[in-house]
Novice: 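Quick one: the structure is below, questions incoming.
We use all heavy atoms of the structure for the numbers below, so side chains are in, but hydrogens, waters and symmetry mates are not. Each chain gets a letter, A, B and so on, in the order its sequence line appears, and its residues count up from 1.
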Number of protein chains: 2
Amino acid sequence: MSNQGNKVHDSLASQCLSCYLKALCLPPDLTPEQFDSIIPILDAPIRLDKRDHLVQQGVAFRYLFAVRTGSLKQVTADTNSDTLLTAVYLPGDLIGFDAIGPGHYPGSIVALELSSVCRLPFERLDELGTRMPILRRHLQRNISRTMQEERLRLHQLLSRTAEARLAYFLMSLSECFRRRGYSSRHFRLAMSRSDIGSYLGLTHETVGRTLATFQAQQLLDVKARDYHLLDMAGLERLASSTGRRQKRA
Amino acid sequence: MSNQGNKVHDSLASQCLSCYLKALCLPPDLTPEQFDSIIPILDAPIRLDKRDHLVQQGVAFRYLFAVRTGSLKQVTADTNSDTLLTAVYLPGDLIGFDAIGPGHYPGSIVALELSSVCRLPFERLDELGTRMPILRRHLQRNISRTMQEERLRLHQLLSRTAEARLAYFLMSLSECFRRRGYSSRHFRLAMSRSDIGSYLGLTHETVGRTLATFQAQQLLDVKARDYHLLDMAGLERLASSTGRRQKRA
DNA sequence: CGTTAGGTTGAATCCTCTCAACAGCCGTGG
DNA sequence: CCACGGCTGTTGAGAGGATTCAACCTAACG
């Protein structure tokens with residue numbers, strides 16, 4: 001880490017400096033001067049209780065948000081008053097990239113549990129980016145990587161069974177937690193079965209049944225929303241199992 | 001259109017000026033001066049025959065590409081030597097946003113038919129963007145909108161039937177063609193049934209069968225790769241039909 | 001203590017997959 | 001010129017997986 005932070009910053013700066021996620025939502029390797037030029041545009045972190053709405057679908061876009069703690073979901077109501085869970089955000093994730101183009105948030109962002117997020121005014125961030133290539137690149141890479149991973153993941157899921165979808169989902173969560181320094185084998189997931197189903201395109205019954213199957217196979221241990229991954233290799237195998245159905249030899 | 005182009009440009013400039021797609025791959029409403037500062041970084045258009053590879057999966061990212069004519073597909077080989085069709089590009093589309101983050105192209109780009117594309121050096125485009133907010137915004141919006149539409153579309157498809165997936169696919173193509181000034185009711189699609197299946201997560205048999213069903217219902221008329229949409233309202237209804245199965249009354 | 005939301009389980013239905021056979025079209029090569 | 005294999009597309013039969021519907025259970029909460 002290059003930011004020693006031995007100067008005295010105001011409370012916001014010290015909050016950001018002490019936030020171990022700064023390498024995710026801000027570019028790594030910022031010089032203290034660069035860091036100081038970003039801090040002034042940040043507001044105080046926003047605290048959200050479970051089910052609180054961070055943004056309402058359709059509201060004009062002005063801010064990106066960085067997740068500090070907790071987790072949130074994006075819920076999109078499509079034309080038929082039918083709602084879909086279209087994204088999940090974990091600590092370190094940036095929220096709002098998909099709102100830049102349309103000019104308004106394409107879905108509501110709802111806290112899945114007690115959460116805390118930072119608000120980043122996009123205009124000023126963008127303007128700062130013109131003078132700070134590191135920051136610009138960081139944002140570009142972040143949105144591009146998100147897009148790329150999502151595209152591949154969703155296209156893979158389209159032709160897979162419920163087992164493969166769930167295994168893939170769990171493994172990808174596990175990987176996210178690992179990268180953020182949490183345990184990759186044990187985590188709490190604040191999503192209901194219905195949430196997971198909506199996100200993966202399955203019914204909540206199927207989600208429950210499939211989890212029960214996994215448990216029966218000693219692949220994992222679930223109690224309510226507490227997940228213990230027991231056989232990572234086995235789950236990984238399921239997650240990347242090629243097709244929809246095992247072809248008969 | 002604000003670019004009158006009454007100055008004499010070199011051949012590249014005039015090619016771009018005469019390209020009716022410039023409002024898609026370049027920002028609309030460029031002043032002649034702005035236009036002139038973008039032209040120098042463009043290369044001569046690249047011509048591709050059917051099945052020609054524009055880029056190979058894994059190659060280092062350096063260029064975005066703009067489709068002038070024809071159509072291309074992105075083919076991604078995942079870990080299991082299993083390949084997926086992860087994107088389709090039509091005239092006016094920009095290719096390569098998903099390569100910025102990873103630093104290399106996440107899939108091969110292959111021409112579906114005789115096509116022509118413009119090569120845009122990303123570094124120089126990005127650098128130009130720092131001094132030209134219009135250009136910067138245009139790129140940001142483009143990538144963001146792509147991401148947003150794709151996210152929503154794929155999540156919707158995950159829980160829908162083959163009929164809904166295909167109807168959705170056809171309507172979205174129709175809309176693309178309409179926006180580009182082509183007929184929205186009649187078009188040729190250079191993709192095979194297998195391509196479509198891979199893109200939508202269906203088998204090629206199911207794609208063919210479903211198209212046959214549509215034809216029997218007078219919704220459309222398909223011969224080989226020639227599509228006539230007959231009942232747009234009916235297709236639209238199918239495309240946005242809520243769920244997987246019609247619930248019993 | 002009743003209510004509600006979330007979760008589990010069972011039975012029947014139906015959609016899509018797999019497998020297989022065949023028709024059409026194209027380019028190559030005899 | 002025609003035969004041939006390969007690729008593409010169509011059609012049919014059977015099987016399997018996920019959905020729908022319904023009942024029941026638990027935990028949380030006023």
Novice: What's the CG-C1' distance between A:L238 and D:dG17, to the nearest Å?
Specialist: 15 Å
Novice: So does A:D93 pair up with A:R68, basic N to acidic O under 4.0 Å?
Specialist: no
Novice: Taking N and O atoms by type only, does the side chain of B:R193 place a donor or acceptor under 3.5 Å from a partner on the base of D:dT11?
Specialist: no
Novice: Distance check needed: D:dT26 P versus A:K223 NZ, whole Å only.
Specialist: 16 Å
Novice: What is the separation between atom CZ on B:R225 and atom C1' on D:dC7, rounded to the nearest whole Å?
Specialist: 10 Å
Novice: Pick the closest DNA chain C nucleotide for B:V207 and for B:H204 by heavy atoms, then say which residue is nearer the 5' end.
Specialist: B:V207
Novice: Is A:T161 close enough to D:dG17 that one of its side-chain N or O atoms is under 4.0 Å from OP1 or OP2 there?
Specialist: no
Novice: Just compare C:dC17, D:dT20, C:dG7 and give me whichever is closest to any side-chain atom of A:S192.
Specialist: C:dG7
Novice: Between D:dA28 atom P and A:K50 atom NZ, what is the distance in whole Å?
Specialist: 11 Å
Novice: Quick one: are B:D98 and B:T86 in side-chain contact, heavy atoms under 4.5 Å?
Specialist: no
Novice: For D:dG12, does the base pair up with any side-chain atom of B:R209 as donor and acceptor (N or O, under 3.5 Å, distance only)?
Specialist: yes
Novice: Using whole Å, what does the distance between atom P of nucleotide D:dT8 and atom CG of B:D195 come to?
Specialist: 8 Å
Novice: Scan side-chain atoms only and decide if B:Q156 and B:Y168 contain a donor-acceptor pair under the 3.5 Å cut-off.
Specialist: yes
Novice: Out of D:dT19, D:dG9, C:dT16, which nucleotide sits closest to the side chain of B:A162?
Specialist: C:dT16
Novice: Closer than 4.0 angstrom, basic N to acidic O: yes or no for B:D78 and A:R160?
Specialist: yes
Novice: In whole angstrom, give the distance that lies between atom CD of B:E163 and atom P of C:dC14.
Specialist: 14 Å
Novice: What orientation do A:F65 and A:Y105 show, parallel under 30°, tilted 30 to 60°, or perpendicular over 60°?
Specialist: tilted
Novice: Side chain of B:E205, base of C:dC19: donor and acceptor closer than 3.5 Å?
Specialist: yes
Novice: If you compare every side-chain N and O of A:T203 against the phosphate oxygens of D:dT19 (OP1, OP2), does one of them come in below 4.0 Å?
Specialist: yes
Novice: It should be established whether B:R160 places a side-chain nitrogen or oxygen under 4.0 Å from OP1 or OP2 of nucleotide C:dC15.
Specialist: no
Novice: How many whole angstroms separate atom CD1 of A:I196 from atom C1' of C:dG7?
Specialist: 12 Å
Novice: What does A:G197 touch in the nucleic acid at a heavy-atom separation under 4.0 angstrom: a base, only the sugar-phosphate, or nothing?
Specialist: nothing
Novice: Return the 5'-most residue of the pair A:T210, B:T206 with respect to DNA chain D, ranking by each residue's nearest nucleotide.
Specialist: B:T206
Novice: To the nearest Å, how far apart are A:D226 CG and C:dG7 C1'?
Specialist: 15 Å
